[in-house]
Number of protein chains: 2
Amino acid sequence: MTVNGRPQAPLMTNTHADRVKEVARLAGRPSRLRRREFLAEGPQAVREALRLHLARHADGQDGVVVDVYATADALERHPDIADLSHQDGVPAVRLVTAEVLAAMSSTVTPQGFIAVCRFVDVPLEAVLSAAPRLVAVLVEVRDPGNAGTIIRAADSAGADAVILTGASVDPYNPKTVRSTVGSLFHLPLVLGVDLDGLPERLRDAGMTVLAADGYGSTSLDDLQDASAQRRFAVAGEARTDDARTDGSPVHLEDAGAWLFGNEAQGLPAEATAAADARVAVPIYGSAESLNVGTAATVCLYASARAQRVR
Amino acid sequence: MTVNGRPQAPLMTNTHADRVKEVARLAGRPSRLRRREFLAEGPQAVREALRLHLARHADGQDGVVVDVYATADALERHPDIADLSHQDGVPAVRLVTAEVLAAMSSTVTPQGFIAVCRFVDVPLEAVLSAAPRLVAVLVEVRDPGNAGTIIRAADSAGADAVILTGASVDPYNPKTVRSTVGSLFHLPLVLGVDLDGLPERLRDAGMTVLAADGYGSTSLDDLQDASAQRRFAVAGEARTDDARTDGSPVHLEDAGAWLFGNEAQGLPAEATAAADARVAVPIYGSAESLNVGTAATVCLYASARAQRVR
């Protein structure tokens with residue numbers, strides 16, 4: 001059997017095949033770490049994985065996608081993914097029954113597509129040497145959904161990278177991959193970074209280090225106001241709370257790295273102490289705190305906006 | 001046995017007691033609808049339920065909390081909740097074993113507290129007649145976590161109410177209650193509203209109706225720029241995309257109602273057509289779309305900021 005002139009493997013029907021079990025095992029961390037591979041499930045994630053694969057292939061780099069599995073139904077529903085899979089350098093889609101796909105998947109609704117992908121994270125140095133303008137740092141963020149939300153929000157805000165400290169959730173776990181809706185393949189990820197010394201390295205790379213901290217002394221509102229005033233060249237005194245501990249000003253439109261902390265404990269003291277400013281997202285209503293994903297969204301968009309309108 | 005001079009019911013130890021089953025049944029919609037009661041689980045939600053209960057009691061209104069169940073451990077860890085529960089007009093806490101609490105709970109970690117609460121939603125008219133400045137409308141938002149995130153973000157942004165159309169998720173389901181982290185008790189909720197005629201009613205109440213729509217022709221950035229320019233009295237032409245379909249301007253600092261749509265389908269055409277503007281949150285990176293919770297957070301905070309700095 002051939003598709004577009006290429007030989008195609010026969011339909012996989014055996015839910016107990018070794019290959020099916022191997023794919024399913026990637027839902028677990030030990031198997032992921034051993035093979036340095038993870039699962040992208042659903043049409044959006046698989047589409048973005050294939051796009052990144054093709055972009056890398058065109059650059060002569062190693063690909064991302066190792067294998068793609070799909071049901072015939074799903075391929076028919078998403079002809080653009082079928083087209084992507086027919087390009088040069090892309091592994092041929094292996095047709096599977098819905099039962100085989102379900103047996104491979106970590107989710108109850110894999111929506112007809114699974115790709116086995118190579119780890120996509122990059123070394124910290126690769127990010128820092130590329131003159132980053134906006135970076136999100138997850139410091140012990142533990143909830144897979146929160147991590148996914150922040151990665152997607154960072155992508156939306158045009159961030160240059162997301163950095164996760166060692167004690168953060170594994171972003172290759174299926175729940176995080178799913179909640180990034182493909183954004184995992186859009187911007188560089190750095191994993192397992194030691195918090196110790198990180199703020200200094202970010203600063204050395206030209207970035208202001210901003211700790212998102214509900215108890216912070218600097219209001220994000222004030223930073224945004226000061227930035228807008230500079231933009232519109234409105235005369236006015238610099239605000240005293242709009243300054244680093246050494247007295248030099250913090251400007252939202254400058255290159256910035258945001259530190260976001262753990263859901264329950266927030267940022268550790270060493271992280272807030274090492275930051276240039278501790279910035280609080282204002283709470284106008286009665287909520288006691290913000291979800292870390294919500295706070296990160298507001299902070300990253302505030303930076304992106306200030307940087308874009310300079 | 002008495003606590004603060006009040007008689008206390010004996011420790012509940014029987015996981016099979018009728019009362020335990022009745023509480024547990026509130027995780028299901030039929031039981032909730034029949035009794036017009038729902039579960040608040042965990043210390044934060046129970047604390048906020050008790051606070052609202054006390055505020056209403058002080059106003060001579062009906063209370064919110066019907067029963068509170070807690071383990072002795074949890075009461076010891078949260079003395080402020082024990083204090084709240086000793087106030088006049090508050091139902092006495094019923095001490096239960098960890099096993100009874102687990103049997104009542106919909107979650108694996110109820111953290112020692114469950115309150116049975118009366119429905120807290122209010123009629124649409126009560127919201128509209130109170131000169132609202134900022135309102136979030138959930139149009140067929142189906143995911144419990146997304147609804148909870150938006151309710152919490154609306155609370156944080158100081159919104160006056162959250163309105164849910166009939167086809168939206170039931171906000172009294174335990175997952176949504178949990179993800180609001182108490183915000184459900186902070187601002188009025190209106191449920192089961194018919195979308196038909198709603199934009200007109202919001203407009204009649206003095207609000208600009210803004211449809212959050214990734215394909216919208218008005219950029220939230222432009223609305224924010226125009227608002228900042230008015231604030232700083234910067235001379236400049238009104239932007240053509242900053243206008244209603246009838247040509248009159250849309251100002252972010254005016255009272256506003258945001259419509260947020262379904263995760264997969266977005267807003268129905270009748271909603272976007274009836275809005276004063278279709279507003280897109282800008283995507284600076286490669287993400288194809290924003291999670292509805294993320295988009296709502298950015299929109300509500302943009303409105304709150306524009307309204308506060310007038």
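Computed from heavy atoms alone, side chains included, the values below leave out hydrogens, waters and symmetry copies.
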ask   = Between A:Ala153, A:Ala154, A:Ala287, which has the largest tally of heavy atom pairs under 4.5 Å with chain B?
value = A:Ala287
key: Heavy-atom closest contact (A:Ile283 atom, B:Tyr301 atom, distance)   = CA-OH, 4.1 Å
ask   = For the atom pair CZ (A:Arg133) and OH (B:Tyr284), what is the distance rounded to the nearest 0.5 Å?
value = 13.5 Å
task = Check whether any side-chain heavy atom of A:Thr297 sits under 4.5 Å from a side-chain heavy atom of B:Val298, and report yes or no.
result = yes
Point-to-point distance, once rounded to the nearest 0.5 Å, from CD1 of B:Ile150 to OG1 of A:Thr294 = 9.5 Å
remark   = The interface call for A:Glu48 against chain B, heavy-atom contacts under 4.5 Å, is side chain
query = Who wins among B:Pro282, B:Gly145, B:Ala159, B:Ser179 for the most heavy-atom pairs under 4.5 Å with chain A?
reply = B:Pro282
request  = Give a yes or no answer on whether the side chain of B:Asp155 reaches the backbone of A:Ser286 with a donor-acceptor pair at less than 3.5 Å.
outcome  = yes
ask   = Side chains of B:Ser289 and A:Arg152: do they bring a donor and an acceptor to under 3.5 Å?
value = yes
task = May I ask you to say whether B:Asp225 pairs ionically with A:Arg305, meaning some side-chain N is under 4.0 Å from a carboxylate O?
result = yes
ask   = For the atom pair CG (B:Leu290) and OG (A:Ser156), what is the distance rounded to the nearest 0.5 Å?
value = 4.0 Å
query = In terms of heavy-atom contacts, does CD of A:Glu76 have more than 12 from other residues, nucleotides or ligands at under 6.0 Å?
reply = no
ask   = When heavy-atom pairs shorter than 4.5 Å are enumerated against chain A, which of B:Thr149, B:Thr180, B:Asn291, B:Val281 gives the highest number?
value = B:Asn291
